[in-house]
J.: 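Sending over a structure as structure tokens; questions will come in a sec.
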Amino acid sequence: MEQPYVDPGLDLEAEILRLKKERNAILLAHYYQESEVQDLADVIGDSLQLAQAAKKTDADVIAFCGVHFMAETAKILNPNKIVVLPDLDAGCSLADGCPIDRFRAWQARYPDSVTISYINCSAEVKAASDLICTSSNAEKIVRSVPADKRILFAPDRNLGRYLVQKTGREMVIWQGVCVVHETFSEKKLLALRERYPNAALIAHPECEAPLLAIAEFVGSTSALLRYAVESPKQEFIVATESGILHQMQKQAPHKTFLAAPPESNCACNECPYMRLNTLEKLYVCLRDLSPRLEMPEELRAAAEKPIERMLALSR
Ligand code: 13P
Ligand code: SF4
């Protein structure tokens, strides 16, 4: 989606806050959004917290600053509300790498199994799954499946492998990856650790196994934030999307947070999809109430069931 023309003289922050009130809208933002977007949000959270916030809101409009599958989840839970996403092209490599036809063919190879899908997938894949999970509740969701049932896990292979290790439960795993969390360089990380020997390495479970093996703590975005704020340590190397550093620094201003270095000299630890949402596009989507998330009711209702099962198990 192209950057829309917006009068450069506008005070975007003030306009967004005005429109938010006028539309009775709630602004939900993921930790991986630009800091100026996070600072305007009513709720900042990880995938689970934002799904929970979407479930309980009584606003008329949900402006979702995150990626497509997150806004889609909010719409699945709120068929009668308007859900807008600043940039509809804000996808996700995990969701894109798991098309519904290949997913169904994969499931058909393992009849009589329970499918758990990571929330980073399309509404079609959710509708064809038994349970949804996020990185916050994945372990609990896996443990909820009776021991005699085979589990299919899609689409993140790193989170899948990590869960097998944590729970001791064998699973058939779809081989998808997150382009951001696969980017960290172990070599550069070890060099950084030499410069900061007291720093704790903390990592998101979407990272590759060798990195997770040397991490002091592994957790979802919100768990990493909590850990960093509550830990007595003063220095942290953070292996996840760099947007989370904004909240870490805000909540623990006296501590040092270093973004884990990517392999090449790029900004690859920034999610290219998340960063498609800009203040200009947020302003326009609140002004025009577009682009909106829409889907056929049959698909929505089918996708809602495994999400509701997840929410019930996450209370
Ligand atoms: P969480 O929000 O569950 O930490 O997941 C991170 C992520 O990559 C979202 O796309
Ligand atoms: Fe998808 Fe990775 Fe971006 Fe999250 S950080 S939205 S998993 S590509």
Side-chain angles (χ1 to χ4, degrees), residues 28-34 37-38 41 43-54 64-74 85-98 116-122 125-126 132-142 153-160 162-163 174-184 202-208 211-212 215 217-228 238-248 259-260 262 266-277 307 310-311 314:
L28 307 181
H30 193 271
Y31 289 121
Y32 298 167
Q33 292 292 285
E34 298 283 1
V37 172
Q38 290 190 34
V43 180
I44 314 163
D46 66 7
S47 307
L48 179 63
Q49 291 168 325
L50 295 177
Q52 287 167 329
F64 210 115
C65 293
V67 289
H68 191 275
F69 75 81
M70 296 178 177
E72 195 171 57
T73 301
L85 176 66
D87 192 321
L88 268 192
D89 294 335
C92 168
S93 64
L94 282 167
D96 295 348
C98 191
I116 303 177
S117 291
Y118 191 33
I119 197 164
N120 300 39
C121 63
S122 66
V125 166
K126 287 187 176 76
I132 300 302
C133 73
T134 77
S135 55
S136 291
N137 58 22
E139 207 181 313
K140 202 170 179 184
I141 302 286
V142 169
F153 186 85
D156 187 64
R157 73 170 177 212
N158 292 322
L159 176 62
Y162 174 72
L163 289 167
W174 182 278
Q175 295 298 305
V177 293
C178 158
V179 285
V180 180
H181 288 88
E182 282 255 315
T183 199
F184 300 115
I202 57 176
H204 195 281
E206 287 176 19
C207 293
E208 287 183 310
L211 194 152
L212 296 180
F217 178 76
V218 176
S220 68
T221 319
S222 59
L224 294 178
L225 175 61
R226 208 176 319 118
Y227 186 84
V238 185
T240 189
E241 215 269 5
S242 57
I244 186 68
L245 267 66
H246 179 58
Q247 290 305 321
M248 288 178 172
C266 56
C268 315
N269 57 359
E270 287 181 6
C271 174
Y273 307 102
M274 289 274 183
R275 307 299 175 123
L276 285 175
N277 296 327
I307 299 174
M310 170 190 81
L311 291 175
S314 308

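Just so you know, ligand 1 is whichever comes first in the structure, and atom 1 is the first atom listed for that ligand. Because only heavy atoms are used, hydrogens play no part in the values below, and waters and symmetry mates are left out as well, while side chains stay in.
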J.: Near Tyr118, which atoms of ligand 1 are under 4.0 Å from a heavy atom of that residue?
T.: 5 (O)
J.: Among all protein heavy atoms in this structure, tell me which lies nearest to atom 8 (O) of ligand 1, with the distance rounded to 0.1 Å.
T.: Glu206 OE2, 3.1 Å
J.: Need the ligand 1 atom indices (1-based, order shown) with element for anything under 4.0 Å from a heavy-atom of Ser47.
T.: 1 (P), 2 (O), 3 (O), 5 (O), 9 (C)
J.: Test of understanding: given a 4.0 Å heavy-atom threshold, classify the contact between Glu241 and ligand 1 as side chain, backbone, both, or neither.
T.: neither
J.: Using 0.5 Å steps for rounding, measure from the CD1 atom of Ile244 to the NE2 atom of His30.
T.: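 Reported value, rounded in 0.5 Å steps: 8.0 Å.
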J.: To the nearest 0.5 Å, what is the distance between CD on Glu34 and CG on Asn277?
T.: 9.5 Å
J.: Can you tell me if Cys271 has an N, O or S atom under 2.8 Å away from atom 1 (Fe) of ligand 2?
T.: no
J.: Is ligand 1 less than 4.0 angstrom away from at least one heavy atom of Tyr32?
T.: yes
J.: Please compare Cys178, Gly66, Ser47 and report which has the shortest non-hydrogen distance to atom 5 (S) of ligand 2.
T.: Cys178
J.: Salt bridge or not for Glu241 and Arg275, using N-O below 4.0 Å?
T.: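 The answer is yes: the pair qualifies as a salt bridge.
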J.: What's the shortest distance from atom 4 (O) of ligand 1 to any protein heavy atom, and which residue and atom give it?
T.: Thr221 OG1, 2.2 Å
J.: Go through ligand 1 atom by atom and flag the ones less than 4.0 Å from a non-hydrogen atom of Asp46.
T.: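 That gives atoms 1 (P), 2 (O), 4 (O) of ligand 1.
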J.: Do Ser220 and Ser136 have side-chain N/O donor and acceptor atoms under 3.5 Å apart?
T.: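 Result is yes, a qualifying pair exists.
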J.: Which of the numbered atoms in ligand 1 are under 4.0 angstrom from any heavy atom belonging to Ser135?
T.: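 Heavy-atom distances to Ser135 below 4.0 Å select 1 (P), 3 (O), 4 (O), 5 (O).
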J.: Under a plain distance cut-off of 3.5 Å, with no hydrogens placed, do Asp46 and Ser135 share a side-chain donor-acceptor pair?
T.: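 Judged by distance alone, the side chains do not pair up.
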J.: For Leu94, take its heavy atoms, then give the atoms of ligand 2 lying under 4.0 Å from any of them.
T.: 7 (S)
J.: N/O/S atom of Cys92 under 2.8 Å from atom 2 (Fe) of ligand 2, yes or no?
T.: no
J.: How far is atom 5 (O) of ligand 1 from its nearest protein heavy atom, and which residue and atom name does that atom have?
T.: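 Here the closest protein heavy atom is His204 NE2, 3.3 Å.
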J.: If you measure only the distance, is there a donor-acceptor pair under 3.5 Å linking the side chains of Ser242 and Tyr32?
T.: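 No, because no side-chain N or O of Ser242 sits under 3.5 Å from a partner of the opposite role on Tyr32.
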J.: Within the 4.0 Å heavy-atom shell around Met70, which atoms of ligand 1 are there?
T.: 9 (C), 10 (O)
J.: Would you name the heavy atoms of Ala29 and Val37 that are closest together and state the gap between them?
T.: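 Minimum heavy-atom contact is CB-CG1, 4.5 Å.
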J.: What is the minimum heavy-atom distance between Lys126 and Ile119, and which atoms define it?
T.: NZ-O, 2.8 Å
J.: Where do Leu212 and Pro205 come nearest, in terms of heavy atoms and distance?
T.: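 Looks like CD1-O, 3.8 Å.
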J.: Check each heavy atom of Leu48 against ligand 1 and say whether those closer than 4.0 Å belong to the side chain, the backbone, both or neither.
T.: neither
J.: Is the shortest distance from a heavy atom of His30 to ligand 1 less than 4.0 Å?
T.: yes
J.: Please verify whether a non-hydrogen atom of Glu206 lies at under 4.0 Å from ligand 2.
T.: yes
J.: Determine the sole option in Glu182, His181, His204 for which the side chain to side chain contact (heavy atoms under 4.5 Å, CB included) test with Asn158 is passed.
T.: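 Of the listed residues Glu182, His181, His204, the side chain to side chain contact (heavy atoms under 4.5 Å, CB included) partner of Asn158 is Glu182.
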J.: Kindly identify the option in Asn120, Val67, Val180 whose heavy atom sits closest to atom 7 (S) of ligand 2.
T.: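 Comparing heavy atoms across Asn120, Val67, Val180, the nearest one to atom 7 (S) of ligand 2 lies in Asn120.
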J.: Which atoms of ligand 2 are found less than 4.0 Å from any heavy atom of Tyr273?
T.: 8 (S)
J.: Write down the atom of Asn137, the atom of Thr134, and the distance for their closest heavy-atom approach.
T.: OD1-N, 2.7 Å
J.: Please write down residue, atom name and distance for the protein heavy atom closest to atom 10 (O) of ligand 1.
T.: Asn120 ND2, 3.3 Å
